[in-house]
Amino acid sequence: MITFESVTYTYPNGITALREINLQINDGEMVAIVGGNGAGKTTLIRHINGLLKPSIGRVLVDGLDTRSASVAQLSRKVGIVFQNPDHQLFSENVEDEIKFGLKNFGFPEDIINKRVNWSLKFFDLEEYRKLSPLMLSGGEKKRLCLAAVLAWDPKILILDEPTVGQDFIQKERLSQIIKMLLTQGKTVIIVSHDIEFIWPLQPRMIIMSAGRIIADSPSELIFNNISLIKEAHLIKPQLVELYERLRVKPNKPFPNVYEARVWLMNKIRGR
Amino acid sequence: MYWVASGFLFQRVDSIIQRLDPRVRLSLSLMLFILALISDSAIKITITMLTIISLALISNIAKRMARTTLFSATFAILIFLINLLLDYGLITSLVLALRFIAIITSTSFFFLTTSPDELECVMKWFRLPQDIIFAFVTAVRFVPVLMMDALQIMDAQRSRGLELDKGRFYKRIKNLIPILVPLVISAVIRSSELAEAMEVRAYGATKKPTSLYVLKMSNKDKFVMIMSIILFIPTIYLYLFAC
Ligand SMILES: Nc1ncnc2c1ncn2[C@@H]1O[C@H](COP(=O)(O)OP(=O)(O)O)[C@@H](O)[C@H]1O
Ligand SMILES: [Mg+2]
């Protein structure tokens, strides 16, 4: 469980990026954090593994105050995948890149090998095992970064803008991976503008603006609130648009295309 | 870390000094530098330091100057200690240490008050080759970008369990690899992107490109320039021969 208790954070240059944040994220939750550029999303997630410590207030991860724990200690539980793969890939080959975290956390050799094999297979990177990470394409690099974090099996996974520069198939795959992690009871937090990507995951949506949380509710409720959508610079997902234009409609918007299809087909056949 | 690093980022602040022609600021900086070099007694170094500090205060850069000198402060302390050990006496050691700081701050006065655009103009005025000017100014502009990259890389690797400030000397050096490799690689990527973007925008198409900013001395600039020289000459004389 992650708890923010009236957290305010001011960067050393005087910019206050978080203002009085109160937030609780339970185990197994799927959370999407959205908001315009500079809203404070990245600053918020940097607090969860202790990279930043609150100027005022406190952050607890499973009851542990982030101020009294090291980043390494917290990262064992909280895996963050940052936006830019070029900011983290450095190893000679793909295999070593995945080993890096495992070694830092002190896993024994045989488990390291097992985990590396699992990640490579799971993320479809096996053929690149001995290749330099720099030779991979943009999408593959991103997958490798994710593989390198999931290898140590953190209980909370945080993804900062995971869909930027990804093609449709990769997004679909990422979506599948997230759903699988959720069935394993992991907590997944996504920072993203990509509303079409987020919508089918039906997350709890947290909207940030100027360092504050201005909304926090299930995604289907968010899109009922027109003024809020405007303030957050969001647009409605296409499935919500479709839902709103139907004269006869189900009791809530379609979570994904497949359900929309089933419902529409039934209606058409019913006529 | 961030606090020191941000001292090196150029911030546009406005004051009488920043509104002067950059060449006037360069000459002020040079005069202070010369004074610092020849300040070899307690009185002289006090006067030099006071002048530098008051100029820094007027131009609103005192805070940033303090940050950037933090690095050289360690050297200054070293100079102080070595001289003390060599039996030069407390005052002399202190003067030598302060002189080192004065040399650093007098040069940083120019760089802290001068934006990359102005720097470019000044270099053009000295008729340096266009390519050298461009390379230099780009390097200056890239410093903050690299600094932000470095911070983000450190965040990313620490999130993967890297502990930067732990272990013996050898381990610490080894810990720099995961930081330096991505830093160099992203700098190379950035620079090749920049090169392409420049070529697309016809960099080098003419031998003598026109400038967006052209330097011009106003009467105020000339006044400050002349006054400072009038003050400087007798001061030099006094420094060298009188006390
Ligand atoms: N390292 C930093 N130093 C100083 N200010 C920063 C730093 N990182 C972000 N900021 C500032 O904090 C605010 C929030 O930034 P950020 O959390 O990155 O927003 P988001 O991820 O929502 O785009 C912005 O105004 C940004 O300029
Ligand atoms: Mg961000």
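Here is how names work: the chains are called A, B, and so on, in the same order as the sequence lines, proteins then strands, and each is numbered from 1.
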Q.
Sort by residue number and list every residue of residues 180-190 of chain B having at least one heavy atom under 4.5 Å from chain A.
A.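 Heavy-atom contacts from residues 180-190 of chain B to chain A are B/Val181, B/Pro182, B/Ile185, B/Ser186, B/Ile189.
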Q.
When you compare the side chain of B/Arg160 with that of A/Glu97, does any pair of heavy atoms fall below 4.5 Å?
A.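 Yes, side chains in contact.
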(Q) Go through it in stages, so that I can follow the logic: the residues are A/His87 and B/Asp149, the test is side-chain contact (heavy atoms from CB on, under 4.5 Å), and I'd like the CA-CA distance, side-chain angles, deciding distance and then a yes or no. (A) CA-CA 7 Å; A/His87 280 166; B/Asp149 273 357; 3.2 Å; yes
In [range], which residues are in contact with chain B at a heavy-atom separation under 4.5 Å?
range	value
residues 30-62 of chain A	A/Arg46, A/Asn49, A/Leu51
residues 74-85 of chain A	A/Ser75, A/Ile80, A/Phe82
residues 106-139 of chain A	A/Leu134

Q.
Take a 6.0 Å sphere around CG of B/Leu194 and say whether it holds more than 12 heavy atoms from other residues, nucleotides or ligands.
A.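 Above 12, so yes.
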Q. Taking everything shown except A/Lys179 itself, do over 12 heavy atoms lie less than 6.0 Å from its NZ?
A.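 Buried by this count: over 12 neighbours within 6.0 Å.
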Q. Would you say B/Glu163's side chain and A/Ala72's backbone share a donor-acceptor pair under 3.5 angstrom?
A.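 No, B/Glu163 side chain to A/Ala72 backbone: no donor-acceptor pair under 3.5 Å.
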Q: Under 4.5 Å heavy-atom distance to chain B, tell me which part of A/Ser91 shows up: side chain, backbone, both or neither.
A: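 Answer is neither: A/Ser91 stays 4.5 Å or more from chain B.
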Q. When rounded to the nearest 0.5 angstrom, what distance separates CG in A/Asn104 from CZ in B/Arg158?
A.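 One finds 12.5 Å between CG of A/Asn104 and CZ of B/Arg158.
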Q. What's the spacing between B/Ile179 CD1 and A/Phe90 CZ if we round to 0.5 Å?
A.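 CZ of A/Phe90 is found 9.0 Å from CD1 of B/Ile179.
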